[in-house]
J.: 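This is the structure I want to talk about, given as structure tokens.
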Amino acid sequence: MGYDYDKVEVPADGTPIQVVDEDADELDVPENPIVPIIHGDGIGKDVGPAAQKVLEAAANATGRDISWMRVYAGESGREKYDENLPDDTVNAIDEHRVAIKGPLTTPVGAGFRSLNVALRQTLDFYSNVRPTYYLDGVPSPMKAPEEMDMVTFRENTEDVYAGIEWEEGTEEVEQVREFVEDEMGFDDVMHDGPIGIGIKPITEFGSKRLVRKAIDYALEHDRDKVTLVGKGNIMKFTEGQFTEWGMEVAEEEYPDEDVFAAPDSLWEEQDDIDVPENAVMVESRLADAMLQWMQLRTDEFSVLAMPNLNGDYLSDAAGAQIGGLGIAPGANFGDARVLAEPVHGSAPKRAGQNKANPSAMILSGRLMFDYMGWKDAGDLVRDAVEETISSGKVTYDLERHLDDAEKLGTDEYAEAIVDNIETLS
Ligand code: NAP
């Protein structure tokens with residue numbers, strides 16, 4: 001591809017990752033790949049460098065190296081380029097295929113649109129994947145947190161995140177109101193006076209490719225169930241349609257012996273269904289009820305696929321069950337590309353204090369390693385994080401729920417993980 005970069009350099013000592021087959025999601029990963037990294041805003045400045053150090057140690061311990069290509073967005077983008085999301089950054093992530101980022105701040109109510117959403121949409125990272133699993137020693141409000149072993153697939157480009165909305169008081173919002181009332185006949189819900197209006201697009205294309213990714217994941221990772229989560233009883237033609245398209249994928253695109261489309265869970269008890277041996281069952285659940293089942297019947301769920309906003313809420317709630325946002329990893333996947341990023345945001349009030357927990361960003365790096373085919377390095381990262389926490393060395397967010405734990409700063413905690421990487425490898 002060979003972009004011309006304005007203010008960043010492509011590291012000369014690294015080798016670019018190559019695409020072998022985009023449709024088959026196949027990359028050729030060298031032993032010393034170039035990996036772009038955005039440290040991020042707020043606590044990103046703490047957890048970004050800490051994660052970089054730990055991931056590099058795991059790569060080295062498994063006989064590899066990473067040539068980091070530091071790129072900038074958010075506050076660091078404004079400082080270096082006077083732009084929130086410079087072309088250099090988008091191009092570096094586009095060209096190098098595998099990248100990792102810390103959180104970026106998005107102002108609420110006014111100001112610029114989310115840079116996270118812009119990055120996901122520009123490079124078509126259409127599925128946001130968040131594995132939620134328990135690590136030994138992590139304090140949890142649940143009685144049996146180890147029952148949680150769930151992977152959420154969140155559609156990443158559509159829904160209310162598409163950013164089609166109009167601000168109160170503008171000419172555009174009045175045009176939309178007029179159209180909806182006069183042309184479409186919804187004149188009893190708009191009231192007079194100030195109004196904000198947004199649109200929630202859910203497409204067949206976007207829904208089906210996300211559900212396909214979730215089912216393929218379940219088949220590849222020996223998971224027995226994919227649950228489609230929507231609020232189709234209320235948003236019939238968006239979330240209800242998502243579920244219908246998802247069930248169509250299950251029914252039409254896979255052999256019956258591999259994928260079994262279950263009858264509607266609203267009417268039939270799922271426990272009594274006779275699923276063919278070794279087949280992945282695809283079922284649907286309403287989003288509000290799902291939030292309680294996730295807590296009360298945790299071990300019944302495995303892979304979940306859902307529209308964008310549901311995925312945002314549900315994965316934070318799932319993260320709370322296994323110790324909170326400081327520990328919850330994620331990654332955005334497109335075709336033959338990944339951008340790993342923690343579930344959490346920039347937590348501005350904790351920023352720059354060498355305090356935040358870097359585990360979420362470190363474990364997001366584990367997802368990136370797995371995608372690169374570096375499973376040994378990914379497992380080493382996971383084991384070293386678990387060993388550190390279970391030995392009682394933790395950051396403030398976990399320490400406040402534990403008796404007798406040692407509270408470490410972000411850097412010291414990362415160093416303890418690096419020590420464990422060296423011991424375990
Ligand atoms: P947040 O940044 O995720 O933080 C909420 C709270 O979660 C923190 O105050 C802290 O709890 C805890 N927390 C989060 N990350 C932690 C970590 N690494 N270690 C320890 N504790 C952690 O959510 P927010 O405050 O709602 O959002 C702040 C900004 O981040 C907003 O601008 C939002 O748009 C943005 N955001 C960005 C992304 C992204 O970049 N992908 C994602 C979500 C939000 P305590 O206060 O209890 O210690």
Side-chain angles (χ1 to χ4, degrees), residues 1-3 5 8-38 51-52 54-71 88-102 119-131 151 153-157 209-210 212-223 303 329-342 361-382:
M1 195 163 305
Y3 287 108
Y5 294 95
V8 288
E9 302 261 318
V10 178
D13 56 348
T15 312
I17 291 173
Q18 303 290 340
V19 180
V20 177
D21 182 343
E22 183 147 317
D23 294 334
D25 228 10
E26 214 185 309
L27 298 174
D28 180 13
V29 180
E31 297 290 271
N32 62 336
I34 298 168
V35 176
I37 181 167
I38 300 172
Q52 191 172 335
V54 170
L55 296 174
E56 195 164 303
N60 293 160
T62 52
R64 305 162 178 122
D65 204 1
I66 299 175
S67 286
W68 297 104
M69 180 174 179
R70 175 98 190 269
V71 289
D88 272 1
T89 301
V90 177
N91 293 344
I93 296 170
D94 185 26
E95 180 172 1
H96 295 94
R97 294 279 161 174
V98 168
I100 183 164
K101 68 174 275 292
L119 256 177
R120 294 168 193 165
Q121 287 175 342
T122 310
L123 296 176
D124 204 20
F125 287 110
Y126 59 86
S127 88
N128 181 278
V129 179
R130 295 177 168 178
V151 185
F153 281 70
R154 164 187 173 194
E155 202 292 322
N156 223 3
T157 60
R209 68 177 176 168
L210 187 267
R212 247 175 243 129
K213 277 255 183 206
I215 295 177
D216 289 345
Y217 177 92
L219 287 166
E220 278 160 28
H221 292 84
D222 247 350
R223 299 263 178 169
V303 177
N332 306 288
F333 292 92
D335 292 328
R337 58 174 77 245
V338 64
L339 175 61
E341 65 171 329
M361 187 149 170
I362 292 169
L363 293 167
S364 301
R366 178 196 181 198
L367 279 171
M368 181 180 90
F369 281 169
D370 284 353
Y371 190 68
M372 291 158 73
W374 293 10
K375 191 168 179 316
D376 52 347
D379 288 348
L380 187 55
V381 167
R382 181 206 173 282

J.: Check F153 against S127 and note the closest heavy-atom contact, atom names and distance.
T.: CD2-OG, 4.3 Å
J.: Which atoms form the tightest heavy-atom contact between G330 and S364, and what is the distance?
T.: N-OG, 3.2 Å
J.: Under the 3.5 angstrom rule, does the side chain of E155 hit a backbone N or O of T157 as a donor-acceptor pair?
T.: yes
J.: With a 4.5 Å cut-off on side-chain heavy atoms, are D88 and Y3 touching?
T.: no
J.: If I compare all heavy atoms of P329 with all of L363, which pair ends up nearest, and what's the gap?
T.: CB-C, 3.6 Å
J.: Could R337 and D124 be called an ion pair, given the rule that one side-chain N must be under 4.0 Å from one carboxylate O?
T.: no
J.: Got a salt bridge between R97 and E22, using NZ or NE/NH1/NH2 to carboxylate O under 4.0 Å?
T.: yes
J.: Apply the test side chain to side chain contact (heavy atoms under 4.5 Å, CB included) to residues R366 and F369: give CA-CA distance (whole Å), side-chain angles for both, the deciding distance (0.1 Å), then the verdict.
T.: CA-CA 5 Å; R366 178 196 181 198; F369 281 169; 5.6 Å; no
J.: Tell me whether the guanidinium CZ or amine NZ of R120 lies under 6.0 angstrom from the six-membered ring centre of Y126 and within 45° of its axis.
T.: no
J.: Who are the side-chain contact (heavy atoms from CB on, under 4.5 Å) partners of V20, not counting sequence neighbours?
T.: E26, D28
J.: Check this for me: does any side-chain nitrogen of one of D25 and K213 sit under 4.0 Å from a carboxylate oxygen of the other?
T.: yes
J.: Could you walk me through whether L55 and V381 satisfy the side chain to side chain contact (heavy atoms under 4.5 Å, CB included) test, starting with their C-alpha distance in whole Å, then the side-chain angles of each, then the deciding distance to 0.1 Å, before giving a yes or no?
T.: CA-CA 7 Å; L55 296 174; V381 167; 4.2 Å; yes
J.: How long is the gap from CG on D13 to CD1 on I34, to the nearest 0.5 Å?
T.: 8.0 Å
J.: Could you tell me whether the side chain of V151 reaches within less than 4.5 Å of the side chain of R223, counting heavy atoms only?
T.: yes
J.: If you round to the nearest 0.5 Å, how far is CD of E341 from CE of M361?
T.: 9.5 Å
J.: Between N60 and D65, do the side chains contain an N or O donor and an N or O acceptor separated by less than 3.5 Å?
T.: yes
J.: Suppose we call two aromatic rings close when their centres sit under 6.0 Å apart. Are F333 and F125 close by that rule?
T.: no
J.: Would you sort out whether V8 and M69 count as a side chain to side chain contact (heavy atoms under 4.5 Å, CB included), showing the intermediate values?
T.: CA-CA 8 Å; V8 288; M69 180 174 179; 3.9 Å; yes
J.: Take Y5 and T89 through the side chain to side chain contact (heavy atoms under 4.5 Å, CB included) test and state the conclusion after the steps.
T.: CA-CA 9 Å; Y5 294 95; T89 301; over 6 Å; no
J.: Can you find a heavy atom in the side chain of V10 that is under 4.5 Å from one in the side chain of H96?
T.: yes
J.: Look at R382 together with D370 and state whether they make a salt bridge at an N to O cut-off of under 4.0 Å.
T.: no
J.: Could you state the interatomic distance from CG (L219) to OH (Y217), rounded to the nearest 0.5 Å?
T.: 12.0 Å
J.: Looking at L367 and V129, what are the two nearest heavy atoms and their distance?
T.: CD1-O, 4.2 Å
J.: To the nearest 0.5 Å, what is the distance between CG (D23) and CG (D335)?
T.: 6.5 Å
J.: Would a 4.5 Å heavy-atom cut-off, applied to side chains only, mark E56 and V35 as touching?
T.: no
J.: Give a yes or no on whether a salt bridge exists between R212 and D216, defined as a side-chain N under 4.0 angstrom from a carboxylate O.
T.: no
J.: Got a second to check how far N128's CG is from N332's CG, nearest 0.5 Å?
T.: 4.5 Å
J.: Any chance the side chains of N156 and R154 put a donor and an acceptor closer than 3.5 Å?
T.: no
J.: With rounding to the nearest 0.5 Å, note down the distance linking CD1 in I100 to CD1 in I37.
T.: 5.5 Å
J.: If you look at every heavy atom in P33 and I17, which pair is closest and at what distance?
T.: CB-CG1, 3.8 Å
J.: If I compare all heavy atoms of L27 with all of A336, which pair ends up nearest, and what's the gap?
T.: CD2-O, 3.6 Å
J.: Strictly by modelled atom types, are N32 and S67 linked by a side-chain donor-acceptor pair under 3.5 Å?
T.: no
